[in-house]
Amino acid sequence: RTKVELIPLDKSNVSHLKLLNSAILPIYYSDKFYRNVLQNPEYCRLARAANRHVGMVCCRYESGDGGSKGMSNGKERNGEPDKRHEEDDEKKHDIDEDESPAKRRGVLYIMTLGCLSMFRRRGVGSTLVEFVLELAEQLRCSAVQLHVHCANTDAVQFYKRFGFDVTQSIAGYYRYLKPPTALLLVKKTKSYEETNSSEETKLGT
Amino acid sequence: TRENTLFNRILKCYENKQYKSGLKHARQILSNSKYQEHGETLAMMGLTLNCLGRKEEAYDNVKRGLRNNLQSHVCWHVFGLLQRSDKKYEEAIKCYRNALRWDKDNLQILRDLSLLQIQTRDLDGYKATRHQLLMLRANQRAGWIGYAIAHHILGDNEAALNVLATFRKTQEGKPADYEFSELLLYEASIMVEAGQYREALAHIYKHRDSIVDIQSWLEMAGDLHFKIGEYEYSADVYEKLFHRNPENTTYIEKYIDARRPFNDEDSLELCQELQDLYPRSEAPLNYALKHSSGDLFRSLVDGYLQRQLRKGVPPLFNILKHLFQDKNKLEIIKDLMMGYYTSLDENKKFTPDSDTTELPTAYLHVMIFLSQFHDHQRDTTQALYYIDRAIQHTPTYIDPYMVKSKIYKHAGNMLEAVTWIDEARMLDLADRYLNSKCAKYMLRAGMMQKAEETCAFFTREGQAAVENLNEMQCMWFLTESARTYFKNKDWPNTLRKCHEVEKHFIDIVEDQFDFHPYSMRKMTLRAYIGLLRLEDSIRGHVFYNKAADIAIRTYLHLHDKPLAAANGHGNGETDEMSEKEKKKLESKKKRAAKKKQKQDTTNTTAKEKKVQGDGEALPPPISGEDLIKTEAPLEEATKFLEHLRTLSPQYHNTHTLAFEVFYRRGKLLLMIQSLKRAIKTCPSSAEILLHLPMLVKYVETAEVSNNIVGDLVQEEMSRLVPEKNIKDWLAAQEGLNKTSFKHFFMLRCAHAHIAPETTEDQLKAVLEFDLDNADLESCEYVLSYLSYGLLSPDAHHIETFTANSHKTFPIAAAFLPTLEEEHVPR
């Protein structure tokens, strides 16, 4: 495993993030996306290995009441200018609404995460996911979520290793990918599960 | 008296730079009606005013003071100082001499005089003054040193050594310090120059304990032992030096040399011994790479490449480039690299049977190397193939973008080159190297404004970037700008840039002034002599060559096609342009005017600030418009040319340019001299093929009145063209230069020159030349000469040639059908 360093995102290296996104991901992200991530760079990191930037992660925080941070603009949240995509986001919040307001906690959503193909299988991706999970605990989120293209079995395998589950299959999520179906992957955070189980035991007594 | 004390106070204030209170005291004296016109006070007041930046008042006061007291050495001295501060050295020397007439042993004036004499290189005068100073103060160190230096720079090493030896006798018993050590080494260096190697060696051994600069001592000893044939001692010394710095290639070379190896094998064995002492040192290995061959080279370079590629050393290619002169080594390196490439691709190892798995960066660096390698071989397609793969591999790594930019530069497409270097720049905006490189490429691509904007990221705020770069003597920016302006036929700006460079060289020479007293005080005499010699040949620098080259060509152009006096840019220029070009020029001019306006406003505000700031007015900027109005462009060209001829005789264009100038000036003997020198220093210059026939024809028609000159010319000509028949000579050249398009072109021009009626045929031959056999540089060269009017082509001919070249060099910008200046990629 190569030594991986996580570098905070700022104006000086956002050009590297752009290059990484366009080299790794099949989706184009507009300048607006980069302006927005720079608003909340604490949810983003560049991964540095062998002295150069080889991977990245950009998240946004979605608070329990439906607002989101890390992407100040509600529209085009994923950088994917797809209307339906947005609606899915709304639905997701609906799920949260079911729970009692007191328990309503935020979700950390992974917008982009990846590593250059030549540098894979060296722990870059794992370091990035570990960062995200840690961040989610710090923010006291209930879960970490992301969408994965259904054809990307490697990615699904990768996230399952960290305890993510496929909870939903959303047809027509992507406009330019074939097939256009996305899978929603969710992992409840440790702190959330603990509080839940403790409440359950309380109820039991 | 009261006035006397006041006057002394003025002097003290001046020395302590308390100019304001000095002025007060001066006014106090002058307010006394008895001393209203006191010369020395007026002079001192003027000098003080000068320091406050009030130049005009200063001159008024000093001159009035001098008129009132022509017999005062103070007044003359002050007038001299004033002139000196305005860099009027010759006048200042005259003033000092006048001052000395009234006070011939005044030390201060003598010292000031000697400084000016060494500055203006009045060496005999300097020697005389230093002698006088020594006689007056024989107990002062500076007197002796100055006198010795005077002898030394006049080439009288014996006398210099005598002076120093005498002086040293007076120093015996004093504790040795750095300054004394420097003095001893200076003495030794004069002995070496005088060829007294044994004496020098004896000298440094005798004073070994007093010399604290051990490295210089060792270097000198090693060199001297070698020079007198004591190789074993020399080798011992160089071994010591090698231990001090195992990365110094010179030490290794000299050490091995001193060990007197019989052959390369011996040398390599010696080198191996050094390598064993310091296994991690690179210098012995580089020596071994240079001197080995065959299988040994292969195994050495194999290990070296793998180590460097694993580490990811960016300049690997540049380190090894010099080995490519040897075709075998080139093949070996290429072979190894291709092997790594396939093997890494398949199983992440340098060789299939290797045990270590490499990081992906090794593969990346192999691809970068292969790209640079193919670019070096001018195989653009392959070079681009590998570099694109490298960029794809790690798009966040900056180096491949730079390599890609360079590939396009070599392929002649500066616009593409700018795109990629700019990409690299964007990846690290804080990198000044990338910023400058990018700006330079932009200038080459003709994107003046973009280049300025790019530079502005690093220049001082509140000042136009161009102005700041000029102030900082940023030479590459000036020479590259001049080149671009020249290409765009913007003569005023071309000349302005060239003269700005010239101005900087003048300043650099001026700036040595402070070093005369400083070096003598600090006893850094070896460095001081080095400085004096450097300043004497500073215009031999490549930056000066570039600027002078462009300036001379511009003046030649102004001579050949004088601008119409009435409207700045002459008709002569626009006549020969096509409609399109004319339009382009018009819009360019408009843009330039607009830009200038903008700049002027920012400049004036900046300047105003500045004037308020330190009270000193800036020198007026050089005006290109004034420069092109010169009545005598050839004389102006000659000024630049003379520096090239004396200081850069090896520069490849010096003598061909000289011929062009002297041809137009009708200087027959100088033409012959230039041509002979061109043939000697750069026999492959294509211009020679045209110049010799020009000369022959010139001699045929020239009237030489002086018999001696006439005989000399005949003699020289018969040597240059032995068969006396220029056509035979040309025919012979034709055979010798079959392959080069450049030479082919010049031969056609030569024929057209001898027989003007064949011009059309010659032009046809040029246009029919099979460009597949030409290189890019030749085509650009021919295009520039055709556009200049050689072989008198019309617009249609030039278009044909451009189109043909474009077919052969599709990405070269020079031949792109429509190239708008402001076309900025991305």
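All heavy atoms count here, side chains included; hydrogens, waters and symmetry mates do not. Chain letters run A, B, ... following the sequence lines, proteins first, then strands; residues in each count from 1. Everything quoted here is computed from the prediction, not taken from an experiment.
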Partner chain A: residue of B:Leu364, B:Thr394, B:Leu359, B:Asp428 with the largest heavy-atom pair count (under 4.5 Å) = B:Thr394
Between A:Leu19, A:Val54, A:Leu20, which shows the greatest number of heavy-atom pairs under 4.5 Å with chain B?
-> A:Leu19
Under 3.5 Å, is there a donor-acceptor pair between the side chain of A:Asp10 and the main chain of A:Asn13?
-> yes
Part of B:Leu429 within contact of chain A (heavy atom distance under 4.5 Å) | neither
Donor-acceptor pair, side chain of B:Ser405 and main chain of B:Tyr401, under 3.5 angstrom = no
Less than 4.0 Å between a side-chain N and a carboxylate O, is that true for A:Lys188 and A:Asp165?
-> no
Considering only NZ, NE, NH1 and NH2 on the basic side and carboxylate oxygens on the acidic side, decide whether A:Asp154 and A:Arg120 come within less than 4.0 Å.
-> no
